[in-house]
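Everything numeric here is computed off the predicted structure, so don't read it as measured data. Naming: A, B, ... by sequence-line order, numbering from 1 per chain.
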Number of protein chains: 2
Amino acid sequence: MKVTDRKTEIILTAAKLFRKKGYNAVSMRDLASELGIKAASLYNHIKSKQEILSEIVLQVAERFTTHIDEIYPQEVSSIKKLEAIIQNHIEITIQQTDFLACLNNDWMHLAEENLQDYLKMRNDYEEKFRKILLDGMVKNELENRNPEIVIFSILTTLRTLYLWYSKKSSIEVEVLKKDLPKTLLNGLIQN
Amino acid sequence: MKVTDRKTEIILTAAKLFRKKGYNAVSMRDLASELGIKAASLYNHIKSKQEILSEIVLQVAERFTTHIDEIYPQEVSSIKKLEAIIQNHIEITIQQTDFLACLNNDWMHLAEENLQDYLKMRNDYEEKFRKILLDGMVKNELENRNPEIVIFSILTTLRTLYLWYSKKSSIEVEVLKKDLPKTLLNGLIQN
DNA sequence: GTCTATAACGCGATAGAC
DNA sequence: GTCTATCGCGTTATAGAC
């Protein structure tokens with residue numbers, strides 16, 4: 001099996017265009033043109049424009065889900081879990097920048113069933129994140145602060161990391177991996 | 001002069017729909033239907049769909065610009081300035097939730113000149129914010145941390161506040177005004 | 001697997017009656 | 001100021017030749 005077959009190539013190219021202009025602003029002609037073929041030829045590989053979007057969004061969403069499901073039950077401190085989650089966001093931001101941007105900007109353009117699947121994964125993720133944070137506060141590993149505001153602030157920063165990352169060079173990524181957990185968790189860790 | 005003339009009503013309704021579905025996913029027929037009229041009738045009040053978007057985005061952008069231009073030169077501590085900026089974001093989030101969402105999601109669909117105006121305001125805002133923060137670090141009012149990561153984290157939280165606010169009741173807004181500055185600036189303020 | 005041709009439809013915007 | 005009618009164009013997707 002090839003590493004990138006034609007369908008994968010289409011989806012990668014679509015993600016790049018969706019990120020730049022938004023799902024609705026990218027036509028099948030735009031996408032085909034970027035691949036050097038005609039729009040009609042795309043339909044030999046994909047079922048519809050909607051299918052492309054759902055493959056992009058759900059693939060990343062599942063990656064987040066898998067990771068937090070693995071971290072969540074571990075017997076380590078809440079701080080360690082939060083650090084692992086932050087590292088994972090950085091990894092995905094680096095490896096799947098375009099996909100992540102699509103997830104953030106265009107998830108609401110998913111059709112009925114795909115949309116429900118996405119929203120369920122998103123809610124479950126946020127719920128596990130909340131429990132980890134609250135657990136840390138209960139055990140006095142973390143300062144007692146308004147948890148909802150803290151959750152929002154951390155998650156929104158992690159979600160939009162791709163906006164910042166794409167402006168920076170790869171050297172600064174090392175700085176990011178080192179300093180972002182501090183920035184997000186400092187003033188929160190009991191000392 | 002009436003408080004809300006027809007044009008204002010159109011723009012407010014458009015902002016609500018753009019927020020929910022995105023600029024490109026809302027047709028002039030959708031907008032007209034929401035107002036109980038036909039699409040053609042809209043054009044007695046507005047020049048184009050693009051004009052609606054630019055009025056929404058540039059109005060909010062100008063409000064942010066005006067505020068930071070007023071705060072920036074004042075002779076108070078950097079912390080006071082940052083607190084004032086955070087309060088302003090909360091105010092605008094509450095008062096112009098839909099407009100703010102449009103600015104965040106659809107600014108890239110502005111046409112040539114409007115887009116340039118927006119980007120200039122956005123850059124100027126970020127630059128003044130950066131200078132305030134760096135000034136606070138130089139004067140040891142704030143901890144010396146990687147400034148770009150701090151700037152990104154604070155601004156992205158403030159920009160996306162509307163996502164969080166719209167889920168919460170108005171009572172919790174008082175909590176937000178009290179706790180958000182702490183959450184964003186704690187671990188940053190020297191003590 | 002890509003092509004040309006085209007179906008079926010929705011889009012933004014305008015003209016002109018009332 | 002709102003309406004009906006319509007123009008010209010772009011959209012997703014399909015049929016069938018090669």
Side-chain angles (χ1 to χ4, degrees), chain A residues 1-58 102 105-115, chain B residues 1-58 102 105-115:
Chain A
M1 191 164 62
K2 279 182 291 184
V3 176
T4 53
D5 57 9
R6 200 75 166 128
K7 181 170 178 176
T8 308
E9 194 183 357
I10 289 171
I11 291 173
L12 288 171
T13 306
K16 191 181 73 180
L17 294 180
F18 291 168
R19 177 187 175 192
K20 196 160 72 181
K21 310 208 295 173
Y23 177 74
N24 276 307
V26 176
S27 70
M28 296 303 270
R29 287 178 177 92
D30 292 337
L31 175 55
S33 161
E34 187 80 9
L35 287 156
I37 58 174
K38 297 290 172 185
S41 306
L42 293 168
Y43 289 88
N44 276 296
H45 308 279
I46 52 99
K47 209 170 91 313
S48 64
K49 191 184 177 187
Q50 175 63 213
E51 191 204 2
I52 299 177
L53 181 64
S54 71
E55 294 247 6
I56 291 170
V57 175
L58 295 182
C102 290
N105 300 322
D106 289 318
W107 63 265
M108 74 284 283
H109 299 121
L110 287 170
E112 214 35 70
E113 197 177 355
N114 292 328
L115 180 59
Chain B
M1 194 162 62
K2 276 183 294 184
V3 176
T4 53
D5 57 9
R6 201 74 165 130
K7 181 170 178 176
T8 307
E9 193 183 358
I10 289 171
I11 291 174
L12 288 170
T13 306
K16 192 182 73 181
L17 294 180
F18 291 168
R19 177 187 176 192
K20 196 160 73 183
K21 311 209 297 172
Y23 176 74
N24 276 311
V26 176
S27 71
M28 296 302 272
R29 287 171 177 82
D30 293 336
L31 174 55
S33 161
E34 186 79 10
L35 287 156
I37 57 175
K38 297 290 172 184
S41 307
L42 293 169
Y43 290 88
N44 276 295
H45 307 281
I46 51 101
K47 207 170 93 310
S48 65
K49 193 184 177 188
Q50 174 64 211
E51 190 204 5
I52 298 176
L53 181 64
S54 70
E55 294 246 6
I56 292 169
V57 175
L58 295 182
C102 291
N105 300 322
D106 289 318
W107 63 265
M108 74 284 281
H109 299 120
L110 287 170
E112 214 36 66
E113 197 177 357
N114 292 328
L115 180 59

Item to complete: Starting from the C-alpha separation in whole Å, work towards a yes-or-no answer on side-chain contact (heavy atoms from CB on, under 4.5 Å) for A:Val57 and A:Asn114.
Response: CA-CA 9 Å; A:Val57 175; A:Asn114 292 328; over 6 Å; no

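- Rounded to an integer number of Å, the gap from A:Leu31 CG to D:dG10 P is 18 Å.
- Rounded to whole Å, atom P of C:dC11 lies 13 Å from atom CG of B:Leu42.
- Counting heavy atoms from C-beta on, the side chains of A:Asn24 and B:Tyr23 never come closer than 4.5 Å.
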Its contact letters, B for base, S for sugar-phosphate only and - for none at protein heavy atoms under 4.0 Å, make nucleotides 13-18 of chain D read BBB---

What side-chain donor-acceptor pairs closer than 3.5 Å can you find for residues 31-39 of chain A, not counting sequence neighbours?
unit_1: A:Glu34; atom_1: OE2; unit_2: A:Lys16; atom_2: NZ; d: 3.0

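- Regarding B:Leu35, its CG atom lies at a distance of 14 Å from the P atom of D:dG1, rounded to whole Å.
- At C:dC11, one or more side-chain N or O atoms of B:Ser27 fall inside 4.0 Å of OP1 or OP2 (strictly under the cut-off).
- Side-chain contact between B:Lys7 and B:Ile10: absent, with no pair of heavy atoms (C-beta onward) separated by less than 4.5 Å.
- Residues meeting the side chain to side chain donor-acceptor pair (under 3.5 Å) test with A:His45, sequence neighbours left out: none.
- With rounding to whole Å, A:Asn24 atom CG is found 15 Å from C:dG10 atom P.
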Q. Would B:Gln50 and B:Leu110 count as a side-chain contact (heavy atoms from CB on, under 4.5 Å) if you check the C-alpha gap in whole Å, the side-chain angles of each, and the deciding distance to 0.1 Å?
A. CA-CA 7 Å; B:Gln50 174 64 211; B:Leu110 287 170; 4.0 Å; yes

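- Rounded to whole Å, the distance from NZ on A:Lys38 to P on C:dT6 is 15 Å.
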